[in-house]
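Structure first, commentary second.
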Amino acid sequence: MYLYDQYDQRQVDARVEEFRDQARRRLEGKLTEDQFKPLRLMNGLYLQLHAYMLRVAIPYGTLNSRQMHALADIADRYDRGYGHFTTRQNIQYNWIKLEEAADLLADLAKVEMHAIQTSGNCIRNISSDHFAGAAADELVDPRPYAELLRQWSSFHPEFSYLPRKFKIAVIASDTDRAAMRLHDIGIQIVEKDGDLGAAFYVGGGMGRTPMIAPCIKDFVPLDRLVTYAEAVLRVYNRYGRRDNKYKARIKILVHEMGKDAFTQAVDEEFARMLDEGIEPPFAELERIRTFFEDPLFEAGASEEIDRSDPDFALWVDRNTVAHKAPGYVSAVISLKPVGGIPGDATSEQMRLMADLAKDYSFDELRVMHTQNIVLPHVRKADLHALWTALDGAGLGAPNLDTIEDIIACPGLDYCSLANARSIPVAQKISERFAANGKTEALGQLKLKISGCINACGHHHAGHIGILGVDRKGVENYQLLLGGSEAEDVSLAKITGPGFDEAGIVDAVETAADVYLREREDGERFLDTYRRIGMTPFKDALYG
């Protein structure tokens, strides 16, 4: 993983002290809330329903045990003993005091972490495939390219006040595990005639107007990666709407200009920029690559797994993923226990995960896009010991990609923008399916819940999605079907009238039962929905 040099550390330390002065002036009444708001947002500090929330950047989801221990210590010292891992591979703390925020940021800086640009109308945390560097199906490790883009975008003066927030994902596999085409810019590292390059997808996103990004350029040479990205941002900065925040995202610009006209504008800007020296020296990318070299995998590591314990065998089947190195897997730690809050981890659980990463995964962890944690490089011979430790700490739920592996935003329990609660709905659904025994039969079924139209829970991309809305002061839940954030990307559609909290849990089970009745051999829920359409589901839901 990338390590700070003196330049990186000086930047982050200077920002901490700058914010310390800003917070002091706010507390002394020398800054109004309107004056302070853009300053705190650029440092990841939100004002939520009950307290300040701090969002900490974890670039492309990668961190080590020292950093995870620090996150646990921060949870104890500044919060209420837990943190919430998000779909952008960040962590959020929900109970922060303004007078302590600068000290918290200073503690982060000691372990090469920060909260810079995790909010505001700027380029946010760069995300990537959570199995990067380990996946058996990837072309290369995409994280060096994500890191190059992180360094380019951090503190970029031209893009500090964009028309709206901006999100970038980088992958290097035909299997999309990062919702790449639902980003403002999605980049896939590809190969053409023996050379590596980047395919650019621009104009995706969720929220009130969900859109799938079209490919505007199928091959950009890697020595022009940053220049082309900057050309996209310049076109957006120049033409993006600033008079209406609901029409300010780049997806609206691409849609209104049309893909071809937008691409032409980017290509013209790119051509002008080639002589400006925008691109960092290719040697810098090579320097960054050295931080992402493979660990020293054990040669001839055993492929054998003792499956005599059925609970362990089930966890292995569901929560481990094929690795490029023989004798290894990536092991997923579920943060979705039955009846739990999706994405939450206590400080003690964080410390345990940190220690297990050091013992069993070359001191490396990843925050997953699905609000879980993965140890990317685990010997098969160590799996039983790992599972035993996880299971004893409430982290051994065998539910990866099942209906119990729910993505959910914090909803109305925490968020000032939410219209409805997400957490209780997620808890009740996981409890329902754990009790009725249908999880195994349902197989891969991705359920996502948002408490408002901003779609932080990615409900548009769920095989089953739930959107909480306000109906004359009463929480109401819309059911959506048919979404996907993977390489077969699609947007879910609303089934019809919404439900109350109890009704939406019943509705999810009804939709699941339609699938179990109608599926053909080998079909996932999504495949069956696409084959039979919405009508059988609506008939079952609404009679």
Side-chain angles (χ1 to χ4, degrees), residues 1-5 8-9 12 44 54-79 82-93 104-118 124-135 141-147 149-151 154 169-170 177-178 288 291-295 330-335 343-378 386 390 395:
M1 60 181 290
Y2 182 75
L3 300 176
Y4 282 9
D5 57 21
D8 297 312
Q9 192 66 53
V12 173
L54 182 74
R55 180 181 296 141
V56 178
I58 304 176
Y60 35 87
T62 297
L63 70 166
N64 59 27
S65 62
R66 178 170 172 250
Q67 291 171 324
M68 185 65 99
H69 270 290
L71 295 179
D73 292 342
I74 285 168
D76 282 338
R77 181 176 178 186
Y78 301 104
D79 202 278
Y82 71 95
H84 177 74
F85 291 95
T86 78
T87 56
R88 279 212 72 68
Q89 302 178 296
N90 296 312
I91 186 172
Q92 294 178 179
Y93 297 103
L104 192 167
L105 295 176
D107 287 348
L108 284 172
K110 293 173 185 174
V111 293
E112 303 182 18
M113 300 185 79
H114 61 75
I116 298 164
Q117 292 180 206
T118 58
R124 302 283 187 89
N125 190 44
I126 310 290
S127 63
S128 187
D129 186 343
H130 37 243
F131 296 130
D141 188 339
R143 292 176 301 162
Y145 310 100
E147 173 60 26
L149 291 167
R150 184 196 71 82
Q151 294 189 22
S154 295
V170 186
R177 291 174 283 260
I288 290 172
F291 291 97
F292 298 93
E293 293 177 350
D294 287 344
S330 295
V332 174
I333 302 172
S334 174
L335 300 184
D344 276 14
T346 68
S347 57
E348 287 307 308
Q349 288 175 328
M350 289 186 222
R351 292 186 182 96
L352 175 65
M353 291 189 287
D355 292 340
L356 293 174
K358 194 168 187 179
D359 292 341
Y360 298 120
S361 188
F362 298 94
D363 198 27
E364 188 171 336
L365 310 96
R366 309 280 177 77
V367 181
M368 298 178 68
H369 160 70
T370 54
Q371 297 179 285
N372 294 314
I373 304 294
V374 63
L375 303 184
H377 315 295
V378 179
L386 171 64
L390 292 172
L395 294 169

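These numbers come from a predicted model, not from an experiment.
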Using a 4.5 Å cut-off on heavy atoms from C-beta on, say whether the side chain of [Y] contacts that of [X].
| X | Y | value |
| --- | --- | --- |
| Tyr60 | Phe292 | yes |
| Phe131 | Arg177 | yes |
| Thr87 | Gln371 | yes |
| Ile126 | Val170 | yes |
| Val374 | Leu365 | no |
| Leu71 | Leu108 | yes |
| Leu356 | Leu375 | yes |
| Gln92 | Val56 | no |

Open item on the list: Within the 3.5 Å criterion, strictly below it, is a donor on Gln151 or Tyr2 matched to an acceptor on the partner's side chain?
Closed with: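 Yes - a donor-acceptor pair under 3.5 Å links their side chains.
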Open item on the list: Under 4.0 Å between a side-chain nitrogen and a carboxylate oxygen: does that hold for Arg77 and Asp107?
Closed with: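 Yes, charged N to carboxylate O under 4.0 Å.
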Task: Asp129 with Arg366: basic N within carboxylate O range, under 4.0 Å - done: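 Looking at Asp129 and Arg366, the cut-off is not met.
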Test item: [X] side-chain N/O and [Y] main-chain N/O as donor-acceptor pair under 3.5 Å:
| X | Y | result |
| --- | --- | --- |
| Ser330 | Pro376 | yes |
| Thr118 | Arg55 | yes |
| Asp355 | Leu352 | no |
| Glu364 | Ser361 | no |
| Ser128 | Arg143 | no |
| Gln89 | Val367 | yes |
| Asn125 | Ile58 | yes |

For the [atom1] atom of [X] and the [atom2] atom of [Y], what is their distance to the nearest 0.5 Å?
| X | Y | atom1 | atom2 | result |
| --- | --- | --- | --- | --- |
| Met350 | Phe85 | CE | CZ | 5.0 Å |
| Gln67 | Thr62 | CD | OG1 | 9.5 Å |
| Asp294 | Asp141 | CG | CG | 8.0 Å |
| Ile288 | Glu147 | CD1 | CD | 5.5 Å |
| Arg66 | Glu112 | CZ | CD | 6.5 Å |
| Met68 | Ile91 | CE | CD1 | 7.0 Å |

Open item on the list: Under the criterion side-chain hydrogen bond (donor to acceptor under 3.5 Å, both in side chains), I'd like the reasoning laid out for Ser65 against Asp363: C-alpha separation, chi angles, the key distance, then a yes or no.
Closed with: CA-CA 6 Å; Ser65 62; Asp363 198 27; 2.4 Å; yes
- [ ] Decide yes or no on side-chain contact (heavy atoms from CB on, under 4.5 Å) for Met368 and Ile373, but give the supporting numbers first.
- [x] CA-CA 6 Å; Met368 298 178 68; Ile373 304 294; 5.9 Å; no
Considering non-hydrogen atoms only, spot the tightest contact between [X] and [Y] and give its length.
| X | Y | value |
| --- | --- | --- |
| Leu386 | Ala331 | CD2-CB, 3.8 Å |
| Leu335 | Asp344 | CB-O, 4.0 Å |
| Gln9 | Ala109 | NE2-O, 3.0 Å |

Task: Candidates Asp73, Asp79, Asp76 - the one meeting side chain to side chain donor-acceptor pair (under 3.5 Å) with Ser347 - done: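 It is Asp76, the one option of Asp73, Asp79, Asp76 that forms the side chain to side chain donor-acceptor pair (under 3.5 Å) with Ser347.
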Open item on the list: Over 60° means perpendicular and under 30° means parallel, so tell me whether His369 and His130 are parallel, tilted or perpendicular.
Closed with: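 Parallel, since the angle between the ring planes stays under 30°.
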